[in-house]
Amino acid sequence: MNSNSPKLVDGMGRTIVNLRISVTDRCNFRCTYCMPADNVEFMDRSNLLSFEEIHRVVTIVSKLGINRIRLTGGEPLMRKGLPILIKMIDKVEGIDDIAMTTNAYFLKDQAQSLIEAGLKRLNVSLDALDPDKFRDVNRRDCLNSVLEGLNTARKVGFKSIKINAVAVRNFSEPEIMGLIEMGRSDGFEIRFIEFMPLDSDKTWERNKVLFGHEIIDIIKKKYELVPIDNSLEIGPASEYNFADGKGKVGIITAVSNPFCDHCNRIRMTADGKLRTCLFSENEHDLKNLIRNGASDEVIAEAIQQAVLIKEPGHKINLKDFKQPNRAMHAIGG
Ligand code: SAM
Ligand code: SF4
């Protein structure tokens with residue numbers, strides 16, 4: 001293998017270039033599709049990887065061909081000093097892109113220091129523009145703080161801001177066009193994500209998913225959409241341009257048309273477990289290796305071996321599907 005060959009290739013021939021790192025399982029929201037309303041058991045803080053430990057993993061995977069990092073959680077902005085970690089990652093040779101997924105509540109205060117630290121891109125979760133619906137789904141009454149966070153992010157210079165909305169049947173339908181109009185006028189790409197069985201409350205049912213093709217049908221009543229070729233080869237979303245040239249929209253059909261064949265990502269939980277799929281039943285414990293003195297070579301080998309047996313795809317649509325023990329906030333979405 002020459003030094004330019006990809007070194008993280010799984011058993012299906014997929015090359016892994018993207019690591020999503022959860023920095024905390026804690027969150028100030030309690031979204032119905034993710035966390036329980038109360039009595040959440042969080043990880044003991046001593047189990048969270050330190051910034052130095054995360055930096056070490058990033059350095060190791062960068063030599064294996066990973067060039068894109070996304071910070072997530074829980075709510076990543078609840079982890080104190082996050083800009084310090086971003087600065088550390090930004091200096092790692094081979095890392096071209098650092099992005100973050102956030103609920104935006106703390107962005108108003110933190111956007112400036114995040115962009116100065118080297119954060120390039122933001123995905124903001126926003127499911128509803130109606131304040132009552134926002135409160136119902138996020139179990140917090142703070143739509144305005146999220147909108148302020150979004151505005152501040154734009155003002156401080158974030159160029160690429162995407163908005164993620166989880167698509168839930170009998171909830172999302174009336175919100176779709178409002179989000180689309182906001183995206184078109186303010187320059188955000190709106191991405192609808194089909195509701196996946198990753199909720200702590202375990203209330204997911206197939207008939208609660210608003211499917212991608214239904215979302216497209218709603219948008220097409222007003223706007224002509226032009227599919228963007230090969231968008232699935234770059235990321236999880238099928239993307240469409242508005243035919244009038246004003247922006248684009250993405251649909252993540254994780255349930256109705258999974259993108260597993262093109263999956264190029266792995267995840268690390270806040271307590272240092274490598275997950276090769278959102279729906280993995282098995283995890284690979286990097287924290288133990290790190291804290292027991294393993295060398296970089298041993299950790300790299302463990303990551304390569306884990307990737308080799310990456311799941312071919314999730315099984316949501318199969319009879320033997322099992323919902324993972326960890327809910328979304330503890331995996332890192
Ligand atoms: N707290 C941050 C946020 O909400 O953006 C980051 C973590 S959150 C787990 C990451 C993404 O996962 C969010 O866009 C959220 O909407 C999405 N998500 C959470 N639970 C989901 C589910 N059951 N199905 C689909 N998407 C989900
Ligand atoms: Fe928190 Fe994000 Fe989960 Fe909502 S989706 S509860 S904001 S981690």
Side-chain angles (χ1 to χ4, degrees), residues 20-40 42-43 70-79 82 99-107 110 114 119 121-128 134-143 145-146 149-150 153 161-169 171-172 175 179 188-206 208-212 215 235-237 250-256 258-259 265 267-270 275 278-279 314 316 321 323-324 326-333:
R20 299 166 80 97
I21 300 173
S22 172
V23 292
T24 179
D25 62 337
R26 285 160 205 262
C27 188
N28 54 324
F29 286 12
R30 293 288 182 274
C31 306
T32 50
Y33 47 71
C34 179
M35 289 182 83
D38 38 40
N39 300 325
V40 192
F42 292 112
M43 292 168 192
R70 175 172 296 274
L71 301 176
T72 181
E75 175 45 45
L77 296 180
M78 289 194 74
R79 180 82 186 248
L82 201 65
M100 185 175 69
T101 305
T102 173
N103 65 29
Y105 183 88
F106 299 107
L107 263 188
Q110 298 193 26
L114 293 167
L119 188 69
R121 297 185 303 116
L122 276 174
N123 282 32
V124 165
S125 299
L126 176 57
D127 307 302
F134 180 99
R135 189 198 53 229
D136 288 349
V137 70
N138 302 114
R139 298 196 184 107
R140 293 290 183 267
D141 195 1
C142 57
L143 172 64
S145 308
V146 170
L150 260 174
I161 303 179
K162 291 179 182 160
I163 292 183
N164 292 347
V166 177
V168 180
R169 185 174 300 286
F171 173 85
S172 306
E175 294 299 316
L179 287 165
F188 305 125
E189 177 180 338
I190 311 286
R191 307 194 334 159
F192 295 97
I193 310 174
E194 289 177 352
F195 174 31
M196 293 181 275
L198 289 166
D199 53 323
S200 301
D201 292 341
K202 302 209 168 164
T203 63
W204 184 91
E205 287 170 22
R206 205 180 170 77
K208 292 185 181 166
V209 184
L210 182 64
F211 292 122
I215 298 167
I251 311 280
I252 303 183
T253 53
V255 178
S256 66
F259 70 102
R265 55 183 58 184
R267 293 162 199 271
M268 184 169 69
T269 63
R275 295 178 64 90
L278 251 185
F279 296 92
H314 70 60
I316 298 178
F321 173 72
Q323 182 158 345
R326 285 180 192 256
M328 193 63 139
H329 72 102
I331 295 174

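It should be emphasised that the depicted structure is a prediction, and the values quoted were computed from it without experimental measurement. As the structure lists them, so they are numbered: ligands from 1, and atoms in each ligand from 1.
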Output the list of atoms in ligand 1 that are nearer than 4.0 Å to some heavy atom of [X], sorted by atom number.
X      : result
Cys34  : 20 (N)
Thr101 : 2 (C), 5 (O), 6 (C), 10 (C)
Asn164 : 14 (O)
Ser125 : 3 (C), 4 (O), 5 (O), 13 (C), 14 (O), 15 (C), 16 (O)
Thr72  : 6 (C), 7 (C)
Gly73  : 7 (C), 9 (C)
Gly74  : 1 (N), 2 (C), 6 (C), 7 (C)
Glu194 : 25 (C)

(request) Verify the distance test for Cys34 against atom 4 (Fe) of ligand 2: any N/O/S atom under 2.8 Å, yes or no. (result)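 No, Cys34 does not qualify, because none of its backbone or side-chain N, O or S atoms lies under 2.8 Å.
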(request) Please confirm whether Asp127 comes within less than 3.5 Å of ligand 1 when only nitrogen or oxygen atoms on both sides are compared. (result)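 No.
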Which residue owns the protein heavy atom closest to [atom], what's the atom, and how far is it?
atom                    : result
atom 24 (N) of ligand 1 : Met196 N, 2.9 Å
atom 2 (Fe) of ligand 2 : Cys27 SG, 4.4 Å
atom 6 (S) of ligand 2  : Cys31 N, 3.3 Å
atom 16 (O) of ligand 1 : Val166 CG2, 3.2 Å
atom 18 (N) of ligand 1 : Met328 CE, 3.7 Å
atom 21 (C) of ligand 1 : Tyr33 CD1, 3.7 Å

(request) Please confirm if an N, O or S atom belonging to His329, backbone or side chain, lies less than 2.8 Å from atom 1 (Fe) of ligand 2. (result)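 Given the 2.8 Å cut-off, His329 does not count as a ligand of atom 1 (Fe) of ligand 2.
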Can you find a pair of side-chain heavy atoms, one from [X] and one from [Y], that are under 4.5 Å apart?
X      : Y      : value
Phe192 : Ile252 : no
Leu107 : Leu150 : no
Arg70  : Asn123 : yes
Thr72  : Ile21  : no
Met35  : Met328 : no
Met196 : Val255 : yes
Leu114 : Met100 : yes
Leu126 : Asn164 : no

(message) Taking a cutoff of less than 4.0 Å between a non-hydrogen atom of the residue and any ligand atom, is Ser125 in contact with ligand 2?
(response)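 Outside the 4.0 Å threshold, so no.
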(message) Looking at ligand 2, is there an atom of it that comes within less than 4.0 Å of some heavy atom belonging to Met35?
(response)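 Distance cut 4.0 Å: Met35 passes for ligand 2.
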(request) With heavy atoms only and a cut-off of under 4.0 Å, state how Asn123 meets ligand 1: side chain, backbone, both or neither. (result)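 No part of Asn123 comes within reach of ligand 1.
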(request) For residues Arg30 and Pro36, report the shortest heavy-atom separation together with the two atoms involved. (result)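 Nearest pair, atom of Arg30 first, then Pro36: CD-O, 3.1 Å.
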(request) Look at Arg139 together with Asp201 and state whether they make a salt bridge at an N to O cut-off of under 4.0 Å. (result)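 The answer is yes: the pair qualifies as a salt bridge.
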(request) Could you tell me which atoms of ligand 2, counted from 1 in the order shown, lie closer than 4.0 angstrom to a heavy atom of Tyr33? (result)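 Counting atoms of ligand 2 from 1, those under 4.0 Å from Tyr33 are 5 (S).
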(request) Under 4.0 Å from a heavy atom of Asn103: give me the atoms of ligand 2 that qualify, with their elements. (result)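 Ligand 2 atoms under the 4.0 Å threshold to Asn103: 7 (S).
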(request) Could you walk me through whether Arg79 and Leu71 pass side chain to side chain contact (heavy atoms under 4.5 Å, CB included), step by step? (result) CA-CA 11 Å; Arg79 180 82 186 248; Leu71 301 176; over 6 Å; no
(message) How about OH on Tyr105, more than 12 heavy atoms from neighbouring residues, nucleotides or ligands closer than 6.0 Å, or not?
(response)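 It does not: Tyr105 OH has 12 such atoms or fewer within range.
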(request) Report the relative orientation of the aromatic rings in Phe279 and Phe321; use parallel for angles under 30°, tilted for 30 to 60°, perpendicular for over 60°. (result)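 Ring orientation, 0 to 90° scale: perpendicular.
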